[in-house]
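Computed from a predicted model, the values in this text were never measured in an experiment. The figures that follow rest on heavy atoms only: side chains count, while hydrogens, waters and symmetry mates do not. Ligands are counted one by one from 1 in listed order, and the atoms in each one are counted from 1 as well.
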Amino acid sequence: MKRLTLAGTDIEAPEVVLGLMRIADKSDDEVRELLRTARDAGIDFVDHADVYGNELHGCERRFAEAMQLTPSERDALTIQTKCGIVKDGPYFDFSYEHIVESVHGSLEALGTDRIDVLLLHRPDALVEPEEVARAFDELHEAGKVRAFGVSNHTPRQVDLLRAHVRQPIVANQVQLSITHAPLVAQGVAANMQGQEQSITLDGGGIVDHCRLHDIALQAWSPFQAGFFTGVFLGSDEYPELNAAIDRLAAQYDVEPIAIAVAWITRIPGRTQVVLGTTTPARVAAAAAGSEVTLTRAEWYELFRAAGYTVP
Ligand SMILES: NC(=O)c1ccc[n+]([C@@H]2O[C@H](COP(=O)([O-])OP(=O)(O)OC[C@H]3O[C@@H](n4cnc5c(N)ncnc54)[C@H](OP(=O)(O)O)[C@@H]3O)[C@@H](O)[C@H]2O)c1
């Protein structure tokens with residue numbers, strides 16, 4: 001498993017991390033087996049959010065109750081969680097009060113004294129960056145949060161926060177898979193009239209912005225065809241893509257899921273993949289993708305096979 005440092009911090013992270021959005025109904029044994037498999041594959045970084053689960057902090061609590069981490073086991077794990085979504089509405093809330101209250105709820109549910117990385121989950125149109133800065137300062141100084149980042153943010157939204165927040169923004173977690181790659185595809189067909197792919201959906205240049213500012217690009221839903229529409233792996237809707245994935249999987253002696261991971265990690269910068277599968281064997285197979293370095297020809301072949309244009 002390749003590793004990277006979250007810029008401006010001493011946090012070392014694997015390229016592939018374990019998302020825990022889907023564990024609400026898993027038993028203690030299932031959660032433990034999932035984590036054990038991940039750890040064996042070099043994944044010591046988990047991704048949570050206050051809103052994951054059937055109730056607020058549900059998945060965080062399920063994780064903590066199942067794992068019963070000892071202090072040394074806790075130290076060996078990097079725990080990332082998110083705040084800023086209010087499910088009842090829904091709406092987004094980056095107020096000082098909401099951020100602080102959410103972190104306290106996460107600390108309690110996770111049964112820990114610190115969150116390693118806190119992400120602002122989805123951009124709040126009513127954000128007051130000074131308030132965010134005040135919340136971050138207080139949480140950081142109290143040792144409750146070690147590092148901060150964002151999710152689903154445009155470059156300008158990140159810059160607005162960076163102008164006010166004193167801590168580095170270490171990550172921007174965005175939806176990214178071979179079949180859902182507008183933030184990569186737009187730049188490949190920049191400025192082409194009549195080409196849908198040229199339309200900027202991401203505020204323009206999230207990938208380059210992350211590289212310029214040493215922000216880790218974390219890819220969520222790495223195997224989903226669209227927005228929770230089912231996986232593209234093995235799907236009849238993507239025959240050409242799956243044929244290419246299967247051929248490369250055989251060539252590199254890995255499972256097809258590893259090729260889907262390798263396509264993402266091949267994107268330069270501090271690129272991470274956030275797995276969502278709760279099937280241990282899939283976690284192990286996906287982790288192997290970190291060791292596969294696709295050639296340019298292979299990477300672009302998958303990109304074209306997913307339906308994107310290379311002009
Ligand atoms: N920041 C954000 O806004 C945001 C949004 C969504 C998610 N996330 C994070 O990203 C993580 C990943 O998201 P995701 O769960 O949508 O991503 P994903 O890994 O692309 O999808 C996993 C889901 O696909 C299912 N699946 C079916 N066939 C599969 C196959 N062949 N290979 C792999 N999975 C297969 C899995 O089922 P099984 O569990 O039965 O294997 C699971 O339900 C989440 O856990 C969360 O931490 C962040």
Which protein heavy atom lies closest to [atom], and at what distance to 0.1 Å?
| atom | result |
| --- | --- |
| atom 18 (P) of ligand 1 | P222 CD, 3.8 Å |
| atom 3 (O) of ligand 1 | N152 ND2, 2.9 Å |
| atom 39 (O) of ligand 1 | T278 OG1, 2.6 Å |
| atom 25 (C) of ligand 1 | V231 CG1, 4.1 Å |
| atom 15 (O) of ligand 1 | R22 NE, 2.6 Å |
| atom 37 (O) of ligand 1 | R282 NH1, 3.8 Å |

Of the listed options ([options]), which comes nearest to [atom] when hydrogens are ignored and any heavy atom counts?
| atom | options | value |
| --- | --- | --- |
| atom 23 (C) of ligand 1 | R122, Q218, Q224 | Q224 |
| atom 10 (O) of ligand 1 | Y52, F228, W220 | W220 |
| atom 36 (C) of ligand 1 | T277, N172, V273 | T277 |
| atom 16 (O) of ligand 1 | S235, G234, S221 | S221 |

So, regarding [X] and ligand 1 (criterion: nitrogen or oxygen to nitrogen or oxygen, under 3.5 Å), is there a contact or not?
| X | answer |
| --- | --- |
| D47 | yes |
| M21 | yes |
| F223 | yes |
| K82 | no |
| G276 | yes |

Only one of V117, L20, L110, D47 passes side chain to side chain contact (heavy atoms under 4.5 Å, CB included) with I79, and that residue is L110
Hits for salt bridge (Lys or Arg N to Asp or Glu O under 4.0 Å) against D214, two or more places apart or cross-chain, chain-then-number order -> R270
ask   = Any non-hydrogen atom of Q175 lying under 4.0 Å from ligand 1?
value = no
